[in-house]
Structure formats: C-alpha cells, structure tokens
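Here the structure is laid out as structure tokens; the discussion comes afterwards.
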Amino acid sequence: MKTKFSELALFGGPPAFAQPVHVGRPNVGDRKKLLARFEEILDRNVLTNDGPCVRDFEARVAELAGVKHCVACCNATIALEIASRALGLTGEVIVPSFTFVATAHALQWQEITPVFCDVDPLTHNLDPAAVERMITPRTTGIIGVHLWGRPCDVTALQAIARRHNLKLLFDAAHAFACSSGGRMVGSFGDAEVFSFHATKFLNTFEGGAVVTNDDDLAHKLRLMRNFGFAGYDNVIYIGTNGKMCETSAAMGLTGLDALDQFIDVNRTNHHAYRDALSGLPGVRLLEYNERERCNYQYVPVEIDAQAAGLHRDMLIAVLHREGILARRYFYPGCHLMQPYRSLFPHARLLLAHTESLCDRILVLPTGTAVAPDDIRMICGIIRLALRHAGDVSKKLAPGSAAPEPA
Ligand code: T4K
C-alpha cells in the first residue's frame, strides 16, 4: 500500500498494478461447462438461426426477468433499433443524453430524432418533469435508460407515456437481474432491452435482447430480427439480421449458471469501495437500493472538484498511471458527440445536470477480475492523491485531459 505521495507513479514510483485493472473485464463462468457447450454446438452443427442454445437462453432470461417473451439479438444496439422500429417510433423520441451513445444512435440510424432530456442529478436517470416539458406534436416515444442498473422512475414515465399516448421503451443495458418496487426490470413499458456485451456482468461475447409481455410485438420483433422471414421463402416484413449465434448463447447460459456468484462478487466489491471511500470529502459513491435486486455492476463515483481539491480528470490521470483504468462514462454526453453536436448546437442549454455529471463522474473497476485487496489499493491511491491535491495539480498541467488507457 502506498503511503507517501512520492510513491505515486505520477511522481516516479512504480505503478500499483503491473497488469492494468479494467472497468469492464469480462465475467466468465465455469470454463469447462462453456467448452462442453461449444463441443455440443459443433457436434450438432447448428451454429445460428434460432438454435437450441439461443432458445434455452431466451427462456432463462425471460424467466429471470419475469416476462413472456425474450428475443435474443446480436447486440443491444441492434436490439434497440429493432425494438424502436417494431414499436413504430418516428419523428422525435425523448432520451437522456447521459447514456452510452448507442441509445441515441439506435434512433438517429433510423432517422428518428433523439431529443435529449436532462436527468435527475441524484438518480442520474431521466427527470420525469423535464421529459414532460420536452414533448411536442412530433414526439412518438420515450426511451428511459436504467443507468448503472438503477431503475428509472418507471411509474412516472409510464404515467406520462399513457397521458400523451406515447410508446415507452427502456434501455436496460445495465439492469439485467435488477428490480424496481420488487418487480424485475424487463416488464416495464412496452419493451425493454438488455445488453450482454463482453463488458456487462452477464455476457454473451456480444449480445442483447428485447423483452416484452406483448405477444404481437414479440412476433414482430422475431420477424424483424430474421430479415422478415416467416418460413422458407416467405418474407412478410422489413427486417435485418439481428440474430444471436449459438456460441454467444452458450456463453450466456454459462454465465447464467454463475449469475449469483457474479452478483456476490460485485456486491462485495461495491461494499469494499463504500467502506474504503467513506468520509472522503468531495467523493460520493453511488449507492444501490439494497431492498431491491441489484447487479452492482458499476462503481460510479462523483468527484466534486471544489470539495475534493482535485478535478476528476486529474484524479483519472493519477489512476491511469497506476494501471487503474477508471473511465469517464458517459463523457461528454451524447449531445456533445457527433452528429448531435452539429445537429443540435443548443441542446446543452437544457442539459445542466447532464453536463455537471459528465464533468464529475468516474467509474472504478469491479467484476470477478477485481478483489477487495485491489479495491483497498485503489482507494488508498485516491486518498493519497486527494490528500496531496496541491502537489498533484502542480505536477499535472492545468487542463490536462485524461489519457487514453494504455
Ligand atoms: N445502452 C447502454 C446504456 C449501454 O451502456 C450500451 C453499451 C448499449 C446501450 C449498447 O450495448 P451493446 O450494443 O454494446 O450490446 C463499453 C461497451 O462496448 C458497451 O457495450 C457498453 N455499453 C459501454 C458502457 O462500455 P467501451 O468503449 O468502454 O469499451 P472498451 O472496449 O473500452 O472496454 C471497457 C474496458 O473493458 C476496457 O478497459 C477493456 C475491458 N475489456 C473490454 C472487452 C471488450 C476487456 O477486458 N475484455 C473485453 O473483451 O464501451
């Protein structure tokens, strides 16, 4: 454990981690089970197109999420595109800007206008009052994002959608195996979309899924995922290729077998961060609601530069030099990324909380590749850097941007 600021890598000490620690290191369950599933896939010679592993995976995801239908896809971005098209979204759709850019891209890709709405500074999720103010005659829907796995105010958003006759889709990329009011994420709104990307706590290498209780919608989603085919030579709908392949589903099934263990590790890690960062001025760890089901897959921390004495970007620069690859998710906000920055140059006027969060948030490493001892080391470095904020600031040129991970 480093105790003097001169030991920090920034001042010439050896990095705390010779092998970098990452935010999104994949969780893999029992490797033997996974390889056995791969053997079965090769023996069957059914590699994709609605194979048995995919069907099995869909059934288990639907059961866990408490929904009738799960339509597994090749990733969550395509799943969002298919879901928004199947729901008939057109014109304008209200989305947060404080999200991964895929939420907005899935709309813009289909020439639907994402209208960026501000978030609640405490929950980091869409502010329902702001949503209502953004509705125009062109609005056809709302996409809420359960950021960090903490569910949106689903009740308020459902009431707004009902009142204005809008479709309601949730980007639940972060929220698989989480609940809101005791009900599992998956059955809120018209449909919800999970991501099973390699960096998510349950992964299928690449993958995603749309889940819904709506039979007609599920039928449409299945058609759209497979070019619109309703049997040999019979295309009855516009579609794309959004299918999940068998090896991905096998990875997902193996992860599902180990899901409780992944969550236990994430919870232990989150508690280790909470204990090690407690009482540190200017540092606010985002808490999960322990009365709900949570996956604890992200460790977002808000750094208040004034109270901490150091800007978030300087702290990231210190951490990266130590081999701790903390991330600035979702900097700088979708509205400041292209094409949105050019299309909507004034969007930022209504996004004060989003911009403030983008300036403060730091996401720390967790998952099965990170142990409580690593966390104590990471937090020790954060404490040391903040205690010697003046020396750190002097060492780092003013305005220095966070370096890209090595
Ligand atoms: N909606 C929301 C709210 C989302 O957060 C996302 C995805 C989506 C929609 C779209 O879902 P998908 O279409 O991806 O299913 C990552 C992921 O690529 C992205 O899936 C995720 N959100 C986002 C939050 O994070 P990057 O650019 O940070 O990925 P990358 O490659 O820098 O990886 C993060 C860290 O993980 C690195 O330090 C390295 C480590 N890593 C990564 C991969 C891929 C590994 O150790 N092994 C790996 O295989 O976007």
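Ligands are counted one by one from 1 in listed order, and the atoms in each one are counted from 1 as well. Keep in mind that what you see is a predicted model, and the values were worked out from it rather than measured.
- Partner of I316 under the side-chain contact (heavy atoms from CB on, under 4.5 Å) criterion, chosen from R328, H311, R321: R328.
- When side chains are defined from C-beta on, P365 does not count as touching F17, because their heavy atoms never get closer than 4.5 Å.
- Between the side chain of T140 and the backbone N or O of L89, no donor-acceptor pair lies under 3.5 Å.
- Under a 4.0 Å heavy-atom criterion, L325 is not in contact with ligand 1.
- When non-hydrogen atoms are compared, ligand 1 lies under 4.0 Å from the side chain of Y329 (C-beta onward) but not from its backbone.
- At under 3.5 Å, a nitrogen or oxygen of A76, whether backbone or side chain, sits near a nitrogen or oxygen of ligand 1.
- The residue from Y298, F100, F196 that puts a heavy atom closest to atom 6 (C) of ligand 1 is F100.
- Those atoms of ligand 1 with a heavy atom of T99 less than 4.0 angstrom away are 3 (C).
- Atom numbering of ligand 1 starts at 1 in the shown order; those under 4.0 Å from a heavy atom of T103 are 1 (N).
- Near P26, meaning under 4.0 Å from one of its heavy atoms, ligand 1 places the atoms 45 (C), 46 (O), 47 (N), 48 (C), 49 (O).
- For ligand 1 and R327, the ligand atoms under 4.0 Å from any heavy atom of the residue are 26 (P), 27 (O), 28 (O), 30 (P), 32 (O), 34 (C).
- In the vicinity of R25, heavy-atom distances shorter than 4.0 Å reach the ligand 1 atoms 45 (C), 46 (O).
- Within the structure, the closest approach of A106 to ligand 1 does not fall below 4.0 Å when heavy atoms are considered.
- Taking the six-membered ring where the residue is Trp, F229 and F227 present perpendicular rings, their angle passing 60° and hence far from 30°.
- Note on ligand 1: F205 sits outside its first shell, no heavy atom being nearer than 4.0 Å.
- With T212 as reference, L221 is the one residue of L221, D190, L87 to meet the side-chain contact (heavy atoms from CB on, under 4.5 Å) rule.
- Annotation for ligand 1: atoms under 4.0 Å from non-hydrogen atoms of G207 are 15 (O).
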- salt bridge (charged side-chain N to carboxylate O under 4.0 Å, His left out) between D215 and K68, worked out: CA-CA 8 Å; D215 299 342; K68 277 165 81 177; 2.9 Å; yes
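- Close contacts between ligand 1 and T77 involve ligand atoms 10 (C), 12 (P), 13 (O) [criterion: under 4.0 Å to a heavy atom].
- Considering backbone and side-chain atoms together, H197 places an N or O closer than 3.5 Å to an N or O of ligand 1.
- No heavy atom of E206 sits closer than 4.0 Å to any atom of ligand 1.
- Within the 3.5 Å criterion, the main-chain N or O of A352 finds no donor-acceptor partner in the side chain of S356.
- Interface of A102 with ligand 1, defined as ligand atoms under 4.0 Å from a residue heavy atom, comprises 8 (C), 9 (C), 10 (C).
- L157 is listed as a side-chain neighbour of F170, based on a closest heavy-atom distance under 4.5 Å.
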- Message: One pair to check against salt bridge (charged side-chain N to carboxylate O under 4.0 Å, His left out): R222 and E58. What are the steps and the verdict?
- Response: CA-CA 12 Å; R222 287 189 185 282; E58 289 182 335; 3.3 Å; yes
- Item | Candidate pair R376 and D275, rule salt bridge (charged side-chain N to carboxylate O under 4.0 Å, His left out), full reasoning | CA-CA 9 Å; R376 280 186 278 277; D275 296 346; over 6 Å; no
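- Here the side chain of E246 pairs no donor or acceptor atom with the backbone of L47 at under 3.5 angstrom.
- Considering backbone and side-chain N/O atoms, S195 comes within less than 3.5 Å of an N/O atom of ligand 1.
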